[in-house]
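Quick caveat: nothing in here was measured; it's all calculated off a predicted structure. Every number for a ligand or one of its atoms is a count from 1 in the order of the listing.
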Amino acid sequence: DLRVPGLGPFLTPARDFYRVDTALVVPRVDADTWRLRIHGEGVSRPVTLDLRELLARPLVEHDVTLTCVSNEVGGPYAGNARWLGVRLADLLREAGVRPPSRGGPADQLVARSVDGMTLGTPVETVMDGRAALLAVGMNGAPLPFAHGFPVRMVVPGLYGYVSACKWLSELRLTTFAAYDAYWVRRSWAQQAPVKTQSRIDTPRPYAALRAGRVAVAGVAWAQHRGIRRVEVRVDGGPWQEARLGAADGVDTWRQWVWTWEATAGLHTLEVRAVDGTGAVQTGVRAGTVPDGATGWHAVEVRVRDLG
Ligand SMILES: Nc1nc2c(c(=O)[nH]1)N[C@H]1C(S)=C(S)[C@@H](COP(=O)(O)O)O[C@H]1N2
Ligand SMILES: [Mo]
C-alpha cells in the first residue's frame, strides 16, 4: 500500500466497497436452509450442496479487484478485496462438466440468485485455471449481506454482471446461443472481459493547489492480465512513468503515484496504463454500454503561486 493521502487503501474495506445490484431490499439468506444446485447440459452428476458441505471443501484465499461494466472512466465502481472460497472449477469437474475446449456441450454457466437475478459466465473462463471462486468470505470475515451472503461468485478478469452473482442459489450449464441472462436482455454484451483502466484519485477535480511538489496518485486495473506500467501527462505533454505499488498478482489493481512539480495556472492531468501483455490503454472514448467504457481519465486542477 503506497499510503498516499487521498488515495484509497489497496484492500477496500467491505463497508466502503461499491455495491451494484437490482435488490431494493438486500436478501438475508438463511445459512441453514441455503442450497446450491448445479445442473444442466453436460452435467453427468448433478450436485446439491448445503453450506456445511461447501465449507468442508478446501478453501483458498485470493485477492481480486471487482469492477462494474457501468463504471464511467474515472468512476467509483471498483473495489479490491481478499476473497475466501471454494474453487468453482473443481466442483464443476466433479459434476462431470468439461469446458468447450475439451468437448463439453455447454459454453455458458448461468448463475441464479435467490432473488431471481441471472448472470452468464463463459465455462471456458471459469475452468481455465484462474481463481474462479464460490466465495464465502471477504477481507477475513463472512460475506456481508450486501455483498452476497452466504455465497457469491468471483471470477477474476470479468465484469461483475457476467461473473459475480451474489446470494447464489443455482448454477446451470447451457449455451450462449440458447440463453440470454438478465443484463444481456437489456442491451449489454453476452461476454465482457474487463478493459484496462486507470484512475486519478488525487488531486480531486478542480482542486485548488499550491505550486510545488504535488503527489498525483490513483489505481489502475487490467484483471487477469496485470498492470505493467502507468503513465501520467500534464497539459498533453510527454507521458511520464509513475511509481507502482507492489504487484499482488494479475487479478488486482495497482496503486500508482507520480510527483508533479506544479506551476501556477490551470492544468489538465491525464493517466493511462499498460497491461501485462504490453497493450497500452486506449484513449478512444467509449460509453459503458455494451461492454465497458474506455478512454483516459483526466482531472483539471488550479495551481496558485505560493505567497
Ligand atoms: N444477485 C445479484 N448479483 C449481482 C448483481 C445483482 O444485481 N444481483 N449485480 C452484479 C453486478 S452488475 C456487479 S458489478 C457486482 C457488484 O458486486 P458488489 O455489489 O459486491 O460490489 O455484483 C453482481 N452480482
Ligand atoms: Mo456491474
Side-chain angles (χ1 to χ4, degrees), residues 8-9 11-30 34-37 62-73 75-85 88 108-122 125-126 132-172 180-195 197 199 219 221 223-224 251-253 287-293:
L11 283 170
T12 314
R15 67 177 177 281
D16 298 333
F17 206 95
Y18 82 94
R19 180 184 155 210
V20 171
D21 56 56
T22 58
L24 293 178
V25 176
V26 172
R28 293 189 165 235
V29 177
D30 177 2
W34 177 85
R35 297 285 184 280
L36 172 66
R37 182 169 169 233
H62 192 71
D63 296 350
V64 179
T65 299
L66 191 62
T67 45
C68 182
V69 71
S70 69
N71 193 46
E72 305 278 354
V73 172
Y77 300 145
N80 184 43
R82 182 157 296 169
W83 307 99
L84 175 75
L88 177 53
Q108 182 176 210
L109 178 68
V110 176
R112 180 180 292 271
S113 73
V114 299
D115 64 345
M117 171 55 71
T118 53
L119 299 81
T121 311
T125 307
V126 166
L133 300 180
L134 295 185
V136 295
M138 182 181 188
N139 294 337
L143 279 181
F145 288 115
H147 296 289
F149 180 88
V151 180
R152 78 174 304 168
M153 262 176 67
V154 175
V155 183
L158 304 180
Y159 286 118
Y161 85 107
V162 288
S163 68
C165 187
K166 306 193 278 190
W167 316 296
L168 181 67
S169 69
E170 181 194 333
L171 292 170
R172 186 168 63 87
D180 285 337
Y182 183 91
W183 286 115
V184 177
R185 278 177 253 146
R186 290 160 176 82
S187 72
W188 297 83
Q190 275 194 326
Q191 303 204 27
V194 173
K195 296 178 182 178
Q197 266 300 331
R199 188 176 79 194
V219 286
W221 59 82
Q223 290 91 312
H224 214 59
D251 295 333
T252 61
W253 62 22
T288 57
V289 182
D291 61 356

**Student:** Residue-level breakdown please: for Lys166 versus ligand 1, do any non-hydrogen atoms fall below 4.0 Å on the side chain, on the backbone, on both, or on neither?
**Tutor:** both
**Student:** Please write down residue, atom name and distance for the protein heavy atom closest to atom 17 (O) of ligand 1.
**Tutor:** Arg152 NH2, 3.0 Å
**Student:** For atom 8 (N) of ligand 1, what's the nearest protein heavy-atom neighbour? Residue, atom name and distance, please.
**Tutor:** Met117 CG, 3.4 Å
**Student:** Once you restrict to heavy atoms under 4.0 Å, what part of Phe17 touches ligand 1? Side chain, backbone, both or neither.
**Tutor:** side chain
**Student:** Quick one: salt bridge (Lys or Arg N to Asp or Glu O under 4.0 Å) partners of Arg112, sequence neighbours excluded?
**Tutor:** Glu170
**Student:** In terms of residue, atom name and distance, what is the protein heavy atom nearest to atom 11 (C) of ligand 1?
**Tutor:** Val20 O, 3.6 Å
**Student:** Pick from Thr12, Leu11, Asn139: which one makes a side-chain contact (heavy atoms from CB on, under 4.5 Å) with Phe17?
**Tutor:** Thr12
**Student:** Got the closest protein heavy atom to atom 21 (O) of ligand 1, with its distance?
**Tutor:** Tyr18 O, 2.7 Å
**Student:** Answer with side chain, backbone, both or neither: which part of Ser113 has a heavy atom less than 4.0 angstrom from an atom of ligand 1?
**Tutor:** side chain
**Student:** Determine whether the side chain, the backbone, both or neither of Trp183 has a heavy atom under 4.0 Å from any heavy atom of ligand 1.
**Tutor:** neither
**Student:** For atom 23 (C) of ligand 1, what is the nearest protein heavy atom, given as residue, atom name and distance?
**Tutor:** Ala164 O, 3.5 Å
**Student:** Record the part of Leu66 in heavy-atom contact with ligand 1 below 4.0 Å; permitted values are side chain, backbone, both and neither.
**Tutor:** side chain
